[in-house]
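Each remark here refers to the structure printed beneath this line.
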Amino acid sequence: MKPVEIITDPYEIYFPNLGWRFHINPTAFTIGNISVQWYGIIIAIGLIAAILYCMPKMKKFGLDPDRVIDVVIGGVIGGMIGARTYYVAMKWDEYKGDIKAILNFRNGGLAIYGGLIGAILIGLIICHFRKVRKLPMLDIASIGFLIGQGIGRWGNYVNQEAFGTNTDNLFAMTGGTIQQVIRNEAYFTDGDMYLNGLADMSMEYAVHPCFLYESVWCLLGVAVLTLIAKHRKFDGQVFLSYLIWYGSERFVVEGLRTDSLMFGSLRISQALSAVLVLTAVILMVVMMSRVRRDPERYVLYCNTEESAMLIEETRLKAEKAGSKKAENGNKSEESEDNKTDDSEKNNTDESNEKTVQEENENGTDN
């Protein structure tokens, strides 16, 4: 591998084999004493993009958008709480006794698998109360997950985190913060990289841009899952495909990363990815076999009477509300018209009275 220049500016990011050099301050702007980080803005953009992409497609999965919006809101909140809780739990020694640090989302520290667990758990609970079918909801949510993850990973780029081991490939990157982190964590015996068996990491060489690998894979997965959704044979197929697609990538990329959450010598996310992929593959094979044997039993929810009834019920409510609003508007217009008529009538009466009075006065003068 070719050595790279030592960068002293913590905000400088450099792709030596492409000749690309960027200067990015993780703080987007400051309002008073509050600093708004690009990390949070990018996460928010990912969430909004996922919602905007998925909401118009709800009816194709047999779901009523008005009912689903509650599930989406709950899922987002659950995802944020789950992502932070998972991360803090895995690094409890660093956070115990410091409540402010636990609640500080702005500087990163979110675990994707924790976010998925939180979003799915809270989302499914709300599905139960809002009468939203769980498997179709998981199907469309899976596409949203990939959009959010694909965009959100660029927050890691801005923060120069979640990078991999040394490499000299075309997309290899380095940066002032990256080099400083490697020096602090791999060169000293109490550093995280050193303790996790990465003492051979060097700040003199570029590293794998793991954020880029995952972002590209997730956004490509949006197209793949959208295609699968159009030809799905059973509800839940898209969700299982998501677990296989994302889990496979995460298993590989996690093996390259230098900041993995560890349990002893085991990379937790890598192990979890392997379990999810294996489980999803088995379930996919079983379900496809059942569908082939008895296709009439596995009717997609979007083709059921229940789905049509719930969507029609919401449409009628909206139509009724619109009619009532229009009726109230007409009454208001009629009221204004009556006021205008009364005003004109009063003006006419006053004018006639004035005319009679003037004629009487003229007659007296003559």
Side-chain angles (χ1 to χ4, degrees), residues 44 46-82 115-148 222 225-243 283-284 287-288 290-291 294-335:
L47 290 173
I48 293 171
I51 292 171
L52 291 177
Y53 183 87
C54 294
M55 286 303 293
K57 296 176 172 55
M58 290 297 173
K59 290 184 179 180
K60 293 182 179 179
F61 289 80
L63 301 174
D64 175 10
D66 284 0
R67 295 174 186 273
V68 165
I69 192 64
D70 295 335
V71 180
V72 172
I73 294 173
V76 170
I77 296 173
M80 295 298 291
I81 295 174
L116 291 175
I117 292 170
I120 291 173
L121 180 61
I122 299 301
L124 292 182
I125 291 174
I126 298 176
C127 280
H128 175 75
F129 290 104
R130 291 292 286 146
K131 296 181 180 179
V132 175
R133 279 297 183 94
K134 297 178 179 64
L135 288 180
M137 187 67 231
L138 285 173
D139 279 343
I140 184 62
S142 298
I143 300 176
F145 290 156
L146 286 179
I147 294 174
V222 174
L225 261 61
T226 299
L227 181 62
I228 291 174
K230 291 180 180 180
H231 304 283
R232 66 190 187 281
K233 303 299 182 183
F234 60 91
D235 291 319
Q237 182 178 354
V238 179
F239 178 62
L240 292 177
S241 299
Y242 164 77
L243 294 178
L283 289 175
M284 183 74 79
M287 290 302 301
M288 291 300 289
R290 289 182 177 180
V291 170
D294 189 5
E296 295 182 0
R297 181 182 177 184
Y298 296 94
V299 178
L300 293 174
Y301 181 66
C302 61
N303 297 329
T304 64
E305 292 183 3
E306 178 184 311
S307 170
M309 181 186 69
L310 291 175
I311 293 175
E312 179 65 12
E313 180 182 305
T314 298
R315 188 191 69 79
L316 291 175
K317 284 182 180 179
E319 190 177 275
K320 185 177 180 180
S323 299
K324 189 174 182 180
K325 184 177 180 180
E327 183 179 341
N328 291 335
N330 291 333
K331 287 182 179 179
S332 297
E333 291 179 2
E334 289 177 3
S335 178

Rounded at 0.5 Å granularity, tell me how far CD1 in I120 sits from OG in S142.
7.0 Å
Nearest 0.5 angstrom please: S241 OG to I228 CD1, how far?
3.5 Å
Backbone of D235 reached by a side-chain donor or acceptor of D139 within 3.5 Å:
no
Give a yes or no on whether the backbone of M287 and the side-chain of R290 come within a donor-acceptor separation of less than 3.5 Å.
no
Pick one: which of V299, L135, V291 meets side chain to side chain contact (heavy atoms under 4.5 Å, CB included) with F234?
V291
Stepwise side-chain contact (heavy atoms from CB on, under 4.5 Å) check, R232 with C302:
CA-CA 11 Å; R232 66 190 187 281; C302 61; 3.7 Å; yes
Minimum side-chain heavy-atom gap L316-E312 below 4.5 Å:
yes
How many angstroms lie between CG in L310 and OG1 in T304, if you round to the nearest 0.5 Å?
8.5 Å
With F61 via ring-ring contact (aromatic ring centres under 6.0 Å, His included) - residues at least two apart
none
How long is the gap from CE on M284 to CG on L240, to the nearest 0.5 Å?
5.0 Å
Before giving the answer on side-chain contact (heavy atoms from CB on, under 4.5 Å), spell out for L63 and V132 the whole-Å C-alpha distance, their side-chain angles and the decisive distance to 0.1 Å.
CA-CA 7 Å; L63 301 174; V132 175; 3.8 Å; yes
Could you grab the distance from atom CG of L243 to atom CG of L138, nearest 0.5 Å is fine?
9.0 Å
Any I143 side-chain heavy atom under 4.5 Å of T226 side chain
yes
K59, NZ: over 12 other non-hydrogen atoms inside 6.0 angstrom:
no
Closest heavy-atom pair, P56 versus I51, reported as atoms and distance to 0.1 Å, is CD-O, 4.3 Å
Donor-acceptor pair, side chain of D64 and main chain of I311, under 3.5 angstrom:
no
Non-neighbouring partners of D70 that pass salt bridge (charged side-chain N to carboxylate O under 4.0 Å, His left out), sequence neighbours left out
R130
Are side-chain heavy atoms of R133 and E306 found at a separation under 4.5 Å?
yes
Do you know the tightest heavy-atom contact between A50 and G148?
CB-N, 4.3 Å
For the CZ atom of F239 and the CE atom of M137, what is their distance to the nearest 0.5 Å?
11.5 Å
Is the backbone of K233 close enough, under 3.5 Å, to the side chain of Q237 for a donor and an acceptor to pair up by distance?
yes
Pairing residues for E313 by the salt bridge (charged side-chain N to carboxylate O under 4.0 Å, His left out) criterion, not counting sequence neighbours:
R67, K317
For the student: nearest non-hydrogen atoms of P65 and M55, plus distance
O-CE, 3.8 Å
